[in-house]
Every structure is written in C-alpha cells, then in structure tokens.
A.B. asks: 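Dropping the structure in here first, questions after.
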Amino acid sequence: MDQISLDNRGLPPPEPMVRALRALEDLVDGQELVVFMDREPFILYRELQRRGFEWEFEEAGRVLTIRRAIGLD
C-alpha cells in the first residue's frame with residue numbers, strides 16, 4: 001500500500017491534529033497516512049470516524065496509521 005508519512009513529534013497541541021487532518025485532504029484511495037506522534041491522539045479519533053477514516057495506533061513506536069474506511073455495500 002502506498003504511504004504518506006508525517007512527523008508530528010515535538011509539536012504543541014492542536015498542531016498535530018491540524019496537520020494530520022490537513023494531510024488527509026490529499027489522501028487518495030489506496031493510500032495510508034503514517035503519522036509519528038509523541039502520544040496517542042485520542043481527541044483525533046472522533047473526527048477521523050466522522051470523516052470516514054479508520055486507524056491503528058502502535059503504542060510502542062507511537063505511530064498512527066490512517067486509511068479510508070472500506071464500506072460494506
């Protein structure tokens with residue numbers, strides 16, 4: 001799968017969330033956004049769900065992977 005990376009480490013809130021949402025605007029089908037974080041972005045999850053994205057967060061590396069949710073027809 002094609003990936004776009006975004007390094008959000010060291011940024012003060014709400015900049016990591018703003019940058020991630022902005023990067024998702026350019027995401028095309030089949031791409032993933034891989035975001036390196038300082039902490040788990042709990043507040044971002046509701047907005048991702050509202051916009052039709054799914055995600056996985058790897059706690060050990062603090063990596064958030066976001067992709068468009070695949071709907072069941």
A.B. asks: Can you list the residues that meet the side chain to side chain contact (heavy atoms under 4.5 Å, CB included) rule with Arg9, with sequence neighbours excluded?
C.D. replies: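 Arg9: side chain to side chain contact (heavy atoms under 4.5 Å, CB included) contacts with Asp7, Phe36, Asp38.
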A.B. asks: Give a yes or no answer on whether the side chain of Glu47 reaches the backbone of Leu44 with a donor-acceptor pair at less than 3.5 Å.
C.D. replies: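 Absent.
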A.B. asks: Following the transitive rule for hydrophobic clusters with a side-chain heavy-atom cut-off under 4.5 Å over Ile, Leu, Val, Met, Phe, Trp and Tyr, establish whether Phe42 and Phe53 coincide in one cluster.
C.D. replies: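 Shared cluster, yes.
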A.B. asks: Under the side-chain contact (heavy atoms from CB on, under 4.5 Å) test against Leu6, which residue among Leu64, Leu33, Ile66 passes?
C.D. replies: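 The option that passes is Leu33.
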A.B. asks: Take Glu40 and Glu59 through the test side chain to side chain contact (heavy atoms under 4.5 Å, CB included) and record every step on the way to the result.
C.D. replies: CA-CA 7 Å; Glu40 187 166 4; Glu59 182 64 40; 3.8 Å; yes
A.B. asks: Mind checking the CG-CE spacing from Asn8 to Met37? Nearest 0.5 Å is all I need.
C.D. replies: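 Nearest 0.5 Å value for the CG-CE distance: 5.5 Å.
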A.B. asks: If you take all heavy atoms of Arg68 and Leu24, which pair is closest and at what distance?
C.D. replies: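 Where Arg68 meets Leu24 most closely, the heavy atoms are NH2-O, 4.2 Å.
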A.B. asks: Are the side chains of Gln49 and Trp55 in touch, meaning some heavy atoms are under 4.5 Å apart?
C.D. replies: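 The answer is yes, as the side chains (C-beta and beyond) meet within the 4.5 Å cut-off.
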A.B. asks: Nearest 0.5 Å, what's the CE-OH distance between Met17 and Tyr45?
C.D. replies: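 OH of Tyr45 is found 12.0 Å from CE of Met17.
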A.B. asks: When you look at CD of Glu54, are more than 12 heavy atoms from neighbouring residues, nucleotides or ligands closer to it than 6.0 Å?
C.D. replies: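 Result for CD/Glu54: enclosed.
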A.B. asks: Looking at Pro16 and Pro12, what are the two nearest heavy atoms and their distance?
C.D. replies: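 Smallest heavy-atom distance, with atoms named: CD-O, 3.3 Å.
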A.B. asks: With a 4.5 Å cut-off on side-chain heavy atoms, are Ile4 and Leu27 touching?
C.D. replies: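 Yes, at least one pair of side-chain atoms sits under 4.5 Å.
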A.B. asks: Would the number of heavy atoms belonging to other residues, nucleotides or ligands and lying under 6.0 Å from CD1 of Ile43 be above 12?
C.D. replies: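 No, not enclosed.
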A.B. asks: With heavy-atom distances below 4.5 Å as the criterion, would you say the side chains of Val63 and Val35 are in contact?
C.D. replies: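 SC-SC contact between Val63 and Val35 ruled out.
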